[in-house]
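In what follows, a structure is listed as structure tokens, so that the remarks can point back to it.
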Amino acid sequence: MRTVVASIVGTLVLGVTNLAVCTAGTAVPAQSQTLPQSTAIPVRFEHSIDTKKAKAGDIVTAKTIQAVALPDGKSIAKGALLVGHVAALDVFHFDQTPYAHQKPSTLSIHFDRLQTGDAAIPVNLSVRAIADAIASEDATRPHYLDETDSVGTITLIGGTEFTPFDKMIQSDDGDAIGYNRKNGVFARLIATGHCGGTETEQSVAIFSPDACGVYGFAGDYLVENGQDGSGTFTLAAHGRSPKLYAGSTALLQVNETK
């Protein structure tokens with residue numbers, strides 16, 4: 001339903017003792033947890049990253065915006081901290097050479113670890129979908145047609161719509177494609193373009209099951225989404241330097257161990 005990036009698949013081995021996970025709302029320790037291929041992690045960026053001011057190595061943080069579904073009914077809690085860094089950047093400089101092709105400016109980010117409780121879990125992630133702060137905020141609340149509309153409609157990033165009272169989220173054809181639960185929105189990811197689907201239920205939060213690519217950002221685009229195993233994604237822009245504002249969100253997925 002929007003700009004499409006490559007299909008994202010992956011496996012992450014959480015070989016850290018005492019990982020705090022939640023089962024039925026209760027935190028319990030786990031000796032070793034394995035996230036299945038394509039596990040989705042919806043996050044919100046905690047602070048702005050301006051290509052013109054940032055430098056390589058600067059810390060980047062984001063937090064999970066709902067519980068992340070794990071096997072056996074367990075989950076990583078909402079608010080778990082994802083820590084990364086600016087991997088590289090290229091500030092826009094106008095080339096005044098006659099007829100010069102202007103190089104895009106780029107901002108590359110790599111997430112290194114997921115902090116949950118006292119455990120720091122190494123991660124290798126890629127971006128399935130990313131949305132700017134405005135699109136992200138719009139997807140968190142219902143919108144009303146007029147003064148007679150007392151319920152409103154929530155439009156997820158990617159276009160899927162439902163009312164706050166809907167427990168089941170349906171496609172235009174009436175198929176069940178997701179579920180609105182007390183602890184967030186969950187769905188099987190739907191294949192679209194180059195983004196793959198999943199047979200397992202994932203945490204999608206404010207993203208449509210088929211969300212894939214860049215939403216908002218006024219012309220910014222993904223050069224790389226990290227799915228190649230590097231775990232580094234790159235935003236690019238023509239004619240200016242990209243800026244990732246606080247409040248922007250991303251639907252990340254775990255990369256396959258290679």
Side-chain angles (χ1 to χ4, degrees), residues 1-10 41-63 82-113 123-139 157-159 192-196 206-208 210-253 255-256 258:
M1 281 186 179
R2 294 284 196 272
T3 308
V4 176
V5 297
S7 170
I8 304 172
V9 295
I41 305 176
V43 299
R44 177 175 285 109
F45 290 88
E46 290 288 284
H47 60 271
S48 299
I49 305 107
D50 188 342
T51 304
K52 292 185 291 185
K53 299 177 181 179
K55 61 184 182 298
D58 283 356
I59 298 297
V60 177
T61 58
K63 287 185 177 180
L82 195 60
V83 181
H85 65 279
V86 174
L89 50 81
D90 189 1
V91 178
F92 176 72
H93 296 288
F94 185 79
D95 184 352
Q96 298 189 34
T97 304
Y99 303 103
H101 177 71
Q102 302 299 320
K103 289 179 56 179
S105 173
T106 57
L107 172 64
S108 299
I109 294 172
H110 181 93
F111 282 113
D112 303 297
R113 66 185 185 274
V123 294
N124 188 297
L125 304 171
S126 50
V127 174
R128 179 184 177 93
I130 188 168
D132 68 8
I134 295 173
S136 300
E137 177 64 24
D138 283 346
I157 296 165
T192 178
H194 298 291
C195 282
I206 59 174
F207 290 88
S208 296
D210 60 351
C212 183
V214 178
Y215 298 84
F217 285 103
D220 290 13
Y221 58 98
L222 278 174
V223 176
E224 301 288 346
N225 66 357
Q227 182 256 336
D228 59 359
S230 67
T232 299
F233 72 91
T234 301
L235 273 176
H238 285 286
R240 58 185 175 79
S241 298
K243 183 174 181 178
L244 185 64
Y245 285 92
S248 299
T249 58
L251 186 61
L252 307 174
Q253 288 186 288
N255 279 332
E256 181 179 3
K258 298 183 178 180

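One-based numbering along the sequence shown.
Leu107 CG to Phe233 CZ: the interatomic distance, rounded to the nearest 0.5 Å, is 7.0 Å. Rounded to the nearest 0.5 Å, atoms NZ (Lys63) and CD1 (Ile41) are 16.0 Å apart. Expressed to the nearest 0.5 Å, how far SG of Cys195 lies from CG of Asp210 amounts to 9.5 Å. Annotation: the span from Ile130 atom CD1 to Cys212 atom SG amounts to 12.5 Å, rounded to 0.5 Å. Atoms CD and CZ, on Glu137 and Arg44 in that order, are 7.5 Å from each other to the nearest 0.5 Å. Between Leu82 atom CG and Leu252 atom CG the span is 6.5 Å, to the nearest 0.5 Å.
Ser126 and Asn225 are not linked by any side-chain donor-acceptor pair at a separation below 3.5 angstrom, with hydrogens and angles left out of the test.
Residues Gln102 and His93 share a closest heavy-atom pair of OE1-O, 3.9 Å. In terms of heavy-atom proximity, Ala236 sits nearest to Pro104 at CB-CB, 4.5 Å. Ala56 approaches Ala87 most closely through the heavy-atom pair CB-O, 4.1 Å. Considering every non-hydrogen atom in both Ala139 and Ile157, the closest pair reads CB-CG1, 3.8 Å. Gly84 and Asp112 make their closest contact through CA-OD2, 3.3 Å (heavy atoms, listed as atom of the first residue, atom of the second, distance). Taking both residues in full, the closest heavy atoms of Ser105 and Thr51 are given as OG-CG2, 3.9 Å, listed atom of the first, atom of the second, then distance.
Within a 6.0 Å radius of CD in Glu46, other residues, nucleotides and ligands contribute more than 12 heavy atoms.
Side-chain atoms of Ile206 and Pro42, non-hydrogen and from C-beta on, never get closer than 4.5 Å to each other. A 4.5 Å side-chain heavy-atom check between Ile134 and Tyr245 finds every atom pair outside the cut-off. Within the 4.5 Å cutoff, no side-chain heavy atoms of Ile49 are placed close to those of Leu89. Phe92 is not listed as a side-chain neighbour of Lys52, based on a closest heavy-atom distance of 4.5 Å or more. Counting only heavy atoms from C-beta outward, the side chains of Ser248 and Phe217 approach each other to under 4.5 Å. Counting heavy atoms from C-beta on, the side chains of Leu222 and Thr234 never come closer than 4.5 Å.
Checked by atom type and distance alone, the side chain of Asn124 pairs as donor or acceptor with a backbone atom of Gly229 at under 3.5 Å. One N or O on the side chain of Asn255 and one on the backbone of Gly226 form a donor-acceptor pair closer than 3.5 Å.
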#### Entry: Intermediate values then yes/no, salt bridge (charged side-chain N to carboxylate O under 4.0 Å, His left out), Lys243 and Asp132
CA-CA 10 Å; Lys243 183 174 181 178; Asp132 68 8; over 6 Å; no
### Query
side-chain contact (heavy atoms from CB on, under 4.5 Å) between Thr61 and His47: does it pass, once the steps are laid out?
CA-CA 7 Å; Thr61 58; His47 60 271; 3.4 Å; yes
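Using the six-membered ring where Trp is involved, His85 and His110 have ring planes that are tilted, between 30° and 60° apart.
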